[in-house]
Student: 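Got a structure for you, written out below as structure tokens; questions coming shortly.
Atom set for the values below is all heavy atoms of this structure, side chains included, hydrogens, waters and symmetry mates excluded.
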Amino acid sequence: EGNLLLPQRYQVTGDAQGHVKFYDDKLCLVNWWDNFNAGPVAATSFAYAPKSPDTMLYVPGQYPNDATIKAGNFVVPDFIVATTRSILLHATAKGGKIDVILREHDGTVHALAAHPFESKLLVGSYTGFLKLWDYERKIVLASRNFEKEQQIHCLAFDP
């Protein structure tokens with residue numbers, strides 16, 4: 001299981017049942033995605049979002065309602081999910097679309113980072129294998145195999 005704090009908005013967790021859950025600052029469940037059907041969630045990475053999520057482009061009817069009594073709009077950036085079955089999925093927040101990006105890696109994906117402005121994705125595992133993918137063209141741009149004692153735990157872009 002892993003979690004990520006989206007700026008000023010949600011605590012995000014991925015669990016062994018393959019769900020991605022969003023909690024508010026009081027740890028109340030606000031929304032969840034459970035239709036990945038790809039195994040336990042190992043990592044998540046979100047697209048760049050403005051400092052204030054309220055400034056994200058919102059078009060009524062394109063985003064789901066949250067799970068609160070008020071049923072407000074649930075607006076989050078698109079995100080990538082990596083599972084222990086080595087499947088990477090792209091979740092589009094508008095419309096709730098899920099696409100498989102990748103079904104191949106040398107082991108469970110433990111580290112994942114989406115480039116904030118380009119269609120690039122870094123994928124790493126405890127085996128020391130690192131790949132840079134272009135997920136729109138579905139090609140490997142670069143890869144490197146580190147020694148086994150150099151496990152990859154986290155990744156980030158510094159554009």
Side-chain angles (χ1 to χ4, degrees), residues 1-16 18-23 31-59 62-64 74-159:
E1 294 185 13
N3 62 11
L4 173 72
L5 183 64
L6 285 177
Q8 306 169 357
R9 202 68 191 251
Y10 301 115
Q11 178 79 19
V12 183
T13 64
D15 64 24
H19 306 152
V20 175
K21 297 177 183 175
F22 297 79
Y23 297 89
N31 203 318
W32 65 94
W33 290 54
D34 60 2
N35 53 346
F36 295 110
N37 300 319
V41 174
T44 57
S45 183
F46 284 76
Y48 169 77
K51 287 188 179 186
S52 171
D54 296 330
T55 64
M56 292 176 64
L57 180 61
Y58 169 72
V59 178
Q62 290 187 345
Y63 289 93
F74 182 70
V75 181
V76 294
D78 295 348
F79 58 100
I80 306 284
V81 174
T83 72
T84 60
R85 294 183 188 161
S86 301
I87 299 172
L88 298 179
L89 304 135
H90 179 253
T92 305
K94 287 183 184 178
K97 184 177 177 193
I98 298 171
D99 295 311
V100 174
I101 296 174
L102 172 67
R103 286 187 186 267
E104 173 246 324
H105 200 73
D106 71 322
T108 299
V109 173
H110 286 94
L112 185 64
H115 193 282
F117 312 115
E118 300 174 19
S119 62
K120 292 180 182 173
L121 183 67
L122 275 171
V123 181
S125 65
Y126 287 170
T127 63
F129 195 58
L130 176 68
K131 280 188 182 181
L132 175 62
W133 283 89
D134 181 319
Y135 61 82
E136 284 184 349
R137 297 186 296 162
K138 299 199 188 295
I139 60 170
V140 176
L141 301 174
S143 66
R144 181 170 178 188
N145 203 3
F146 293 93
E147 298 296 323
K148 288 214 182 244
E149 54 274 351
Q150 295 178 318
Q151 298 177 345
I152 299 172
H153 294 268
C154 62
L155 296 166
F157 279 98
D158 184 11

Student: Just how far is it from atom NZ of K21 to atom CD of Q11, taken to the nearest 0.5 Å?
Tutor: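 Rounded to the nearest 0.5 Å, the NZ-CD separation comes out at 13.0 Å.
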Student: Do side-chain atoms of T84 reach the backbone of A42 as a donor and acceptor pair under 3.5 angstrom?
Tutor: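 Answer holds: no.
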Student: Please identify each residue that fulfils side chain to side chain donor-acceptor pair (under 3.5 Å) with S119, with sequence neighbours left out.
Tutor: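 Applying side chain to side chain donor-acceptor pair (under 3.5 Å) to S119 gives D134.
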Student: Step by step, work out the side chain to side chain contact (heavy atoms under 4.5 Å, CB included) result for L132 and V140.
Tutor: CA-CA 6 Å; L132 175 62; V140 176; over 6 Å; no
Student: Side chain to side chain contact (heavy atoms under 4.5 Å, CB included) for V20 and F79? Distances and angles first, verdict last.
Tutor: CA-CA 10 Å; V20 175; F79 58 100; 4.2 Å; yes
Student: If you look at every heavy atom in L122 and A156, which pair is closest and at what distance?
Tutor: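 Closest approach of L122 to A156: CD1-O, 4.3 Å.
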Student: Would you say the side chain of L112 lies within less than 4.5 Å of the side chain of I80, judging by non-hydrogen atoms?
Tutor: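 Heavy-atom side-chain distance check passes, below 4.5 Å.
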Student: At their closest point, which heavy atom of F157 faces which heavy atom of A113, and how far apart are they?
Tutor: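 Minimum heavy-atom separation between F157 and A113: CE1-O, 3.3 Å.
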Student: Under the side-chain contact (heavy atoms from CB on, under 4.5 Å) rule, collect the residues that match up with K138, sequence neighbours excluded.
Tutor: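 Testing K138 for side-chain contact (heavy atoms from CB on, under 4.5 Å), a comparison that skips the adjacent residues, returns none.
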Student: At their closest point, which heavy atom of D15 faces which heavy atom of H19, and how far apart are they?
Tutor: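 Minimum heavy-atom contact is OD1-N, 2.9 Å.
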Student: Looking at S143 and F129, what are the two nearest heavy atoms and their distance?
Tutor: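 S143 and F129 have their closest heavy atoms at CB-CZ, 4.3 Å.
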Student: Provide the closest heavy-atom pair for S45 versus A114 in the form atom of the first, atom of the second, distance.
Tutor: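 So the minimum-distance heavy-atom pair works out to OG-N, 2.9 Å.
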Student: Minimum heavy-atom separation for P40 to A16, with atom names?
Tutor: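 Smallest interatomic distance, heavy atoms only, reads CG-O, 3.3 Å.
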Student: Which value, rounded to the nearest 0.5 Å, describes the distance between E136 atom CD and L121 atom CG?
Tutor: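 Between E136 CD and L121 CG, I get 12.0 Å after rounding to 0.5 Å.
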Student: Once rounded to the nearest 0.5 Å, what's the spacing between atom NZ of K131 and atom CG of L155?
Tutor: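 Separation between the atoms: 14.0 Å.
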Student: May I ask you to test the L130-F146 pair for a side-chain heavy-atom distance under 4.5 Å?
Tutor: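 L130 reaches F146 side chain to side chain.
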Student: Checking D34 now: which residues fulfil salt bridge (charged side-chain N to carboxylate O under 4.0 Å, His left out) with it, not counting sequence neighbours?
Tutor: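 Partners of D34 under the salt bridge (charged side-chain N to carboxylate O under 4.0 Å, His left out) test: none.
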Student: Among all residues two or more places apart in sequence or in another chain, which pass the side-chain contact (heavy atoms from CB on, under 4.5 Å) test with N35?
Tutor: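 W33, I98.
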Student: If the condition is salt bridge (charged side-chain N to carboxylate O under 4.0 Å, His left out), which residues does E118 pass it with, not counting sequence neighbours?
Tutor: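 E118: salt bridge (charged side-chain N to carboxylate O under 4.0 Å, His left out) contacts with K120.
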Student: Does some side-chain heavy atom of W133 sit less than 4.5 Å from a side-chain heavy atom of V123?
Tutor: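 SC-SC contact between V123 and W133 confirmed.
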Student: Please list all pairs passing the salt bridge (Lys or Arg N to Asp or Glu O under 4.0 Å) test where one or both residues lie in residues 38-47, with sequence neighbours left out.
Tutor: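 Salt bridge (Lys or Arg N to Asp or Glu O under 4.0 Å) check on residues 38-47 returns no pairs.
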Student: In Å, rounded to the nearest 0.5 Å, how long is the span from CZ of R144 to CD1 of I152?
Tutor: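 Taking CZ in R144 and CD1 in I152, the distance rounds to 9.0 Å.
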